Amino acid sequence: MASVEAPPANRVRWGELEEDDGEDLDFLLPPRMVIGPDENGVKKVIEYKFNEDGNKVKITTTSRARKLAQARLTKRALERRSWPKFGDASHEDVNSRLTVPSTEEIILERPRAPGSKAEEPKVAGDPLAALGKGGAVLMVCRTCGKKGDHWTSKCPYKDLASQAEGFMDKPSASETAAPASATTTTKGAYVPPGMRGGAERTGTEMRRRNDENSVRVTNLSEDTREPDLLELFRTFGAVSRVYVAVDQKTQVSRGFGFVNFVNKEDAERAINKLNGYGYDNLILRVEWATPRTN
Amino acid sequence: MRPILMKGHERPLTFLKYNREGDLLFSCAKDHTPNVWFADNGERLGTYKGHNGAVWCCDVSRDSMCLITGSADQSVKLWNVQTGAQLYSFSFDSPARSVDFSVGNKLAVITTDPFMEQTAAIHVKRIAEDPSDQTSESVLTIKAPNGRQRINRAVWGPLNRTIISAGEDAVVRIWDSETGKLLKESEKETGHQKPITSLSKSSDWSHFITGSLDKSAKLWDSRTMTLIKTYVTERPVNACDISPLLDHVVLGGGQDASNVTTTDRRAGKFEAKFFHKILQEEIGGVKGHFGPINALAFNPDGRSFSSGGEDGYVRLHHFDPDYFNIKM
């Protein structure tokens with residue numbers, strides 16, 4: 001924060017100044033003032049200086065001291081902090097290359113989307129009941145394609161699968177490779193995708209399943225992330241997957257995403273309600289991901 | 001979170017240990033020199049030079065002044081934490097696998113591997129207050145029932161009354177620390193099916209967790225030896241620890257290092273997996289290592305944890321605020 005005050009009346013002409021005379025003018029300035037820190041740790045420093053034009057500038061710096069991890073250290077720990085380096089560490093300079101912060105952000109990867117848990121038991125109950133009545137099998141593992149055995153999140157082969165996020169753009173290429181390895185019989189040995197048991201599964205079959213009850217959401221704002229979308233859509237029913245397309249290079253949202261519902265009716269309701277809905281200053285367009293014939 | 005990578009070791013990590021206050025982190029690796037780091041910024045404070053073999057385990061005294069390390073060079077050494085000077089060296093006839101200080105740091109339990117005609121054994125040594133009075137006599141020596149199978153870890157039970165051991169025979173045993181008598185052992189049906197690789201106590205020593213190559217970790221009561229919980233993963237477990245702050249446990253492992261190059265990267269399952277201690281449900285995974293995780297340790301304040309891998313890196317993770325709000 002800087003505010004320019006009126007130029008001093010007795011302005012010294014620059015021609016009369018020596019190169020290093022700048023500091024000599026400082027006596028013209030009001031003294032530096034420090035206010036605080038108050039109980040919130042907020043400190044105000046008011047300084048005056050001349051800017052390049054010779055105008056007097058008042059600079060108010062407001063800073064807040066936050067308690068750092070170090071403040072929690074005990075006396076002994078602080079003492080240890082000042083211990084001299086020893087052994088091999090004594091020849092290292094301070095910014096040694098031994099310790100480097102990771103260049104990538106690591107997140108605690110949840111086995112399922114946050115918040116989706118509550119619906120799961122209910123969903124798990126329904127298809128199992130349906131199974132007993134000889135109805136359609138709803139519990140299909142998206143990773144290994146096994147029906148009625150486990151959910152995708154519980155799949156023993158889930159780590160083998162490629163990131164689900166990549167599927168929408170190029171389903172045929174990555175999808176055939178991923179689930180196929182599930183049927184591999186010899187554990188631990190590398191089997192090329194083409195030779196794996198499930199390789200004959202066609203990409204189209206996989207794509208069809210992926211698109212079931214899939215809703216495309218376009219005109220999303222760049223700030224919208226998957227959890228936001230989940231928050232928006234989960235009110236309509238159990239959501240099995242949320243995906244927001246992100247530019248691989250820039251990590252910026254491409255402005256569209258997909259939401260898969262477990263039940264078709266929920267998806268329909270979501271489309272009816274949210275198509276044209278104002279979200280983050282943009283009007284959402286919500287439609288079936290694949291044009292429906294009915 | 002943005003982990004801090006610490007590359008102080010040239011060989012795979014074997015063990016990680018925080019001191020009581022959680023400001024120092026000790027790391028052991030298959031190279032011969034344990035390191036000590038500042039646990040907040042990952043800066044290396046020093047190294048302990050003197051071992052002539054892989055260092056398998058270490059422990060630090062309550063006042064953070066004395067470090068004990070067990071090594072494959074058939075010795076266990078005491079070090080001055082501050083200067084890195086060696087205070088004493090115990091010699092054995094076989095590699096030392098694990099070390100643990102008792103409450104009060106008066107005693108240390110050391111396990112030695114089966115080697116040549118030597119069988120696996122648990123030794124209890126008295127640690128003198130003044131290093132110059134230190135002697136090498138054992139207070140107690142317990143011969144393992146399955147002498148040819150390694151004891152991977154032995155720790156003190158509550159109040160130093162017992163010693164808890166676990167090893168390749170997949171059985172967890174509780175011994176009387178005075179007489180050396182076997183008090184309890186885990187049952188075949190409920191216990192692990194494959195070698196136990198790691199054992200870690202809760203902060204109050206009331207329960208402990210064991211990780212095994214049978215791809216599971218189990219939580220046990222330290223006094224009654226009853227099985228409390230089982231955490232099932234898809235990977236052999238090499239390391240495990242219990243959060244001192246939240247009801248979380250962390251498991252690390254991965255396929256055998258010899259198979260790493262022959263399989264897909266994702267098949268390795270090198271993440272540190274967090275489980276809810278009570279619900280036994282997976283909370284999430286933290287990726288990063290390029291090889292199996294061999295060592296895991298929670299900071300005693302529960303706000304950060306570090307993992308050591310076969311790749312030679314220690315990764316120090318300070319949890320994001322989100323971590324503390326995870327709802328199950």
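Every chain is numbered from 1, with letters handed out A, B, ... down the list of sequences. Computed over heavy atoms, backbone and side chain alike; hydrogens, waters and symmetry mates excluded. All values reported here derive from a predicted model rather than from experimental measurement.
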| Part of B/Ser64 lying under 4.5 Å from any heavy atom of chain A | both
| task | Name the region of B/Phe274, side chain, backbone, both or neither, that has any atom closer than 4.5 Å to a heavy atom of chain A. | result | side chain
| note | Checked A/Gly87, A/Ser102, A/Pro84 vs chain B; the most non-hydrogen pairs under 4.5 Å come from A/Ser102
| Side chain, backbone, both or neither: which part of B/Leu316 has a heavy atom under 4.5 Å from chain A? | neither
| message | Within residues 4-14 of chain B, which residues come under 4.5 Å of chain A, heavy atom to heavy atom? | response | B/Ile4, B/Leu5, B/Met6, B/Lys7, B/Gly8
| Does the side chain of B/Val286 come within less than 4.5 Å of B/Met1's, by heavy atoms? | yes
| query | Do B/Asn105 and B/Ser61 have side-chain N/O donor and acceptor atoms under 3.5 Å apart? | reply | no
| Is the charged tip of A/Arg81 near the ring of B/Phe38: under 6.0 Å from the six-membered ring centre and within 45° of its axis? | yes
| request: Please check if any side-chain donor atom of B/Thr197 sits under 3.5 Å from a side-chain acceptor atom of B/Asn238, or the reverse. | output: no
| field | Over all atoms of both residues, closest heavy-atom pair of B/Ala297 and B/Tyr18 | value | O-CE1, 3.5 Å
| Pair B/Glu271 + B/Arg235: basic N to acidic O under 4.0 Å | yes
| field | Greater than 12 external heavy atoms within 6.0 Å of B/Arg2's CZ | value | yes
| Below 4.0 angstrom, N of the basic side chain to O of the carboxylate: do B/Lys287 and A/Glu109 qualify? | yes
| remark: Looking only at B/Val36, B/Asn41, B/Asn35, the option with the highest number of non-hydrogen pairs under 4.5 Å against chain A is B/Asn41
